[in-house]
Amino acid sequence: MLKERWNDRAGGFHPVSAPDFLPRPQLRELQSRRLQAMVARAWDKVALFRERLEARALTPDDIGGIGDIAALPFTVKADLRDTYPFGLFASPMDEVVRLHASSGTTGKPIVVAYTREDVEVWTEAMARTFAACGLHRGDILQNAFGYGLFTGGMGTHYGAEAIGAAVIPVSGGNTERQIMLMRDFGVTAVCATPSFFVHLVEKAAEMGVDLKSLPLRTGVFGAEPWSDGMRERIEAETGIEAFDIYGLSEITGPGVATECTCHDGLHVFEDHFFPEIIDPATGAALPDGEEGELVLTTLSKRAMPMIRYRTRDITAILTEPCGCGRTMRRIRRISRRSDDMFIIRGVNVFPSQVETALLEVEGTVPHYQIVLTRDHGLDQMTVEVEVTPEVFSDTVRGMEELRARIGRAIEHVLGIRVGLRLVGPHSIPRSEGKARRVIDKRHD
Ligand code: DLL
């Protein structure tokens with residue numbers, strides 16, 4: 001367990017964050033040792049990994065250190081599905097203390113397991129995350145990530161307790177009660193998906209609660225893509241500082257990477273989760289700085305080690321040292337996945353591009369959906385955008401002008417014209433967790 005906890009309200013260097021500042025040679029040595037032990041364990045305990053290594057004529061002895069990682073085979077989401085539920089576990093069930101699951105898009109969920117040591121590492125990674133976001137003992141954290149099979153709620157909960165913050169485990173949903181707690185309990189920090197927090201901001205305004213007048217200071221957001229435009233809106237409307245945190249169930253949950261107060265990419269806790277970037281088409285490793293698919297290897301996970309897991313998240317490893325002094329390399333914020341692209345009239349479109357365009361236009365609120373349909377074999381896209389009550393009650397001409405502005409903004413970003421529908425306040429369903437931005441009716 002964490003030996004030392006956050007106890008210095010003045011901020012600055014802190015024992016919880018000590019590993020974040022490890023000199024790189026020492027870090028590399030630690031990564032090498034951990035990788036070797038992890039590969040040996042996976043070889044011993046997980047049939048699939050052993051078969052994959054044998055198919056490449058490799059044994060754990062061939063892995064001399066972290067520099068050899070690219071020799072190892074990838075793991076993909078289908079491997080988790082094919083071995084459902086417990087086929088990738090490296091620990092017997094009597095050493096497993098927690099199971100989580102992620103629903104995914106089709107069929108069976110994927111199941112992930114943790115030993116007591118895994119929960120401790122996860123807690124440490126989340127404590128380091130919160131420390132990087134400037135939280136400390138004395139903070140009152142409203143945790144609006146969902147508690148349950150989703151890793152968001154419990155993962156952040158343990159980390160926040162470890163730094164000595166007071167956690168309110170409210171989970172997602174129930175917006176009015178969330179606002180009441182935020183006001184009455186003197187909440188200083190909130191954890192949520194960015195889309196749910198946007199919903200909370202809107203509800204607070206409806207209830208006549210001015211978030212800027214509350215002690216609320218920090219927002220820790222993640223679990224879905226969100227744009228810099230969305231961050232600017234959130235910060236301007238609430239006066240908080242918003243941090244982006246990243247993670248995925250297969251690797252641990254939240255706690256894989258976090259922004260620090262420099263807000264220039266997310267530091268990966270690479271003493272536990274080793275990042276690589278590959279070309280998603282060929283699988284070839286790409287040098288730092290180049291954009292590609294993020295591949296993560298767990299270096300200390302016991303119950304379910306992951307070797308070179310292909311996340312499908314697209315990013316790049318940033319090469320410049322960070323102003324905060326952390327030595328952990330950073331990834332650029334993740335704005336898209338390799339599998340969320342669709343093709344409209346020959347042009348590749350990512351949902352995040354639509355958000356970027358919309359947020360540049362005054363008079364819209366950040367609630368939108370992209371509806372995909374198929375017409376004579378061609379994919380069509382319509383963006384449904386909610387407008388503010390003032391705009392909605394404006395003249396037809398006012399609405400038309402706004403429509404034209406949004407149309408131009410989207411065309412500017414995508415390079416093509418798409419269908420556009422302005423809809424009234426509250427027409428788009430609000431999210432309580434991850435927002436559903438794309439409604440795919442192509443196969444209806
Ligand atoms: O979403 C874990 C998490 C919880 C992360 C709370 C951060 C905060 P999954 O449900 O397995 O786990 O979904 C993982 O969500 O591969 C990304 O595509 C996406 N994702 C997570 N964080 C971010 C982020 C959790 N900050 C998948 N920006 C990942 C963009 C994100 N996408």
Side-chain angles (χ1 to χ4, degrees), residues 75-77 80-81 99-105 109-114 122 125-126 128-130 132-133 141 143-160 169 171-172 189-197 219-231 234 242-260 263 265-269 273 275 280 293-296 298 304 306 309-316 330-341 350-353 355-356 431-438:
T75 308
V76 294
K77 193 165 219 148
L80 283 103
R81 294 226 176 85
L99 297 170
H100 281 282
S102 145
S103 51
T105 40
I110 57 143
V111 184
V112 294
Y114 308 75
W122 190 13
M126 271 316 304
R128 286 161 64 186
T129 297
F130 284 127
C133 301
L141 176 78
N143 191 4
F145 279 129
Y147 282 67
L149 289 178
F150 175 54
T151 52
M154 291 186 73
T156 49
H157 182 107
Y158 277 53
S171 197
V190 173
C191 275
T193 59
S195 58
F196 183 55
F197 187 70
V220 180
F221 304 125
E224 62 184 4
W226 53 305
S227 58
D228 272 328
M230 184 76 94
R231 187 212 303 269
I234 289 175
F243 291 85
D244 188 17
I245 67 169
Y246 167 80
L248 61 164
S249 319
E250 296 89 320
I251 297 301
T252 193
V256 174
T258 183
E259 281 186 343
C260 62
H263 299 284
L266 288 78
H267 293 277
V268 181
F269 293 116
F273 316 112
E293 178 179 347
L294 177 66
V295 169
L296 288 164
T298 60
M304 209 171 129
M306 275 290 144
Y309 183 70
R310 291 188 61 161
T311 64
R312 302 201 175 189
D313 293 320
I314 303 292
T315 181
R330 287 162 300 147
I331 50 171
R332 199 156 62 212
R333 325 180 55 172
I334 286 157
S335 62
R336 59 193 177 91
R337 292 175 53 82
S338 60
D339 53 4
D340 69 1
M341 186 188 85
F350 289 94
S352 55
Q353 294 176 295
E355 177 171 307
T356 301
S431 98
E432 298 195 340
K434 296 181 192 245
R436 193 164 166 226
R437 298 294 190 199
V438 180

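Counting convention: from 1, in listed order, for ligands and their atoms alike.
Summary of contacts: the protein heavy atom closest to atom 28 (N) of ligand 1 is Glu224 O, 3.3 Å. When hydrogens are left out, the protein atom nearest atom 11 (O) of ligand 1 is Ser249 OG, 2.5 Å; that is the closest non-hydrogen contact. For atom 19 (C) of ligand 1, the nearest non-hydrogen atom of the protein is Ala223 O, 3.8 Å.
For Phe145, every heavy-atom contact with ligand 1 shorter than 4.0 Å involves the side chain, none the backbone. Under 4.0 Å from ligand 1, the heavy atoms of Lys434 that appear belong solely to its side chain. Of the heavy atoms in Arg333, none comes closer than 4.0 Å to ligand 1. Contacts of Leu248 with ligand 1, taken as heavy-atom pairs under 4.0 Å, involve both backbone and side chain. At a heavy-atom cutoff of 4.0 Å, ligand 1 is contacted by no atom of Leu266, backbone or side chain.
When each of Thr151, Leu294, Val112, Thr311 is checked for a side-chain contact (heavy atoms from CB on, under 4.5 Å) with Leu248, only Thr311 meets the rule. Considering Phe150, Trp122, Tyr147 as possible partners of His100, the one that fulfils the ring-ring contact (aromatic ring centres under 6.0 Å, His included) test is Trp122. Among Tyr246, Phe197, Phe243, Phe196, the single residue meeting the ring-ring contact (aromatic ring centres under 6.0 Å, His included) criterion with Phe221 is Phe197. No option in Glu355, Met341, Arg337 other than Met341 meets the side-chain contact (heavy atoms from CB on, under 4.5 Å) test with Phe350. Here the options are Lys77, Arg81, Arg310, the test is salt bridge (charged side-chain N to carboxylate O under 4.0 Å, His left out), and the partner is Glu250; only Lys77 passes.
For the 3.5 Å distance criterion, the side chains of Arg128 and His267 fail to qualify, holding no donor opposite an acceptor. Counted by atom type alone, Ser338 and Glu293 present zero donor-acceptor pairs between their side chains at under 3.5 Å.
For atom 25 (C) of ligand 1, the choice among Gly222, Gly255, Gly247, Pro225 with the nearest heavy atom turns out to be Gly247. Nearest to atom 26 (N) of ligand 1 by heavy-atom distance, out of Ile245, Thr156, Val256, is Ile245. Taking only non-hydrogen atoms, the option from Leu149, Ile110, Asp313 nearest to atom 29 (C) of ligand 1 is Asp313.
The shortest side-chain heavy-atom distance between Arg437 and Ser195 falls under the 4.5 Å cut-off. Contact check for Thr298 versus Thr252: no side-chain heavy atoms found under the 4.5 Å cut-off. Side chains of Arg336 and Pro225 form no contact here, defined as non-hydrogen atoms less than 4.5 Å apart.
For ligand 1, none of its N or O atoms has an N or O atom of Thr311 under 3.5 Å away.
Close approach to Asp244 involves these atoms of ligand 1, each under 4.0 Å from a residue heavy atom: 24 (C), 26 (N). Those atoms of ligand 1 that come under 4.0 Å of a heavy atom in Ile334, given as number and element, are 28 (N), 30 (C). With ligand atoms numbered from 1 in the order given, ligand 1 contributes 4 (C), 6 (C) to contacts under 4.0 Å with heavy atoms of Gly152.
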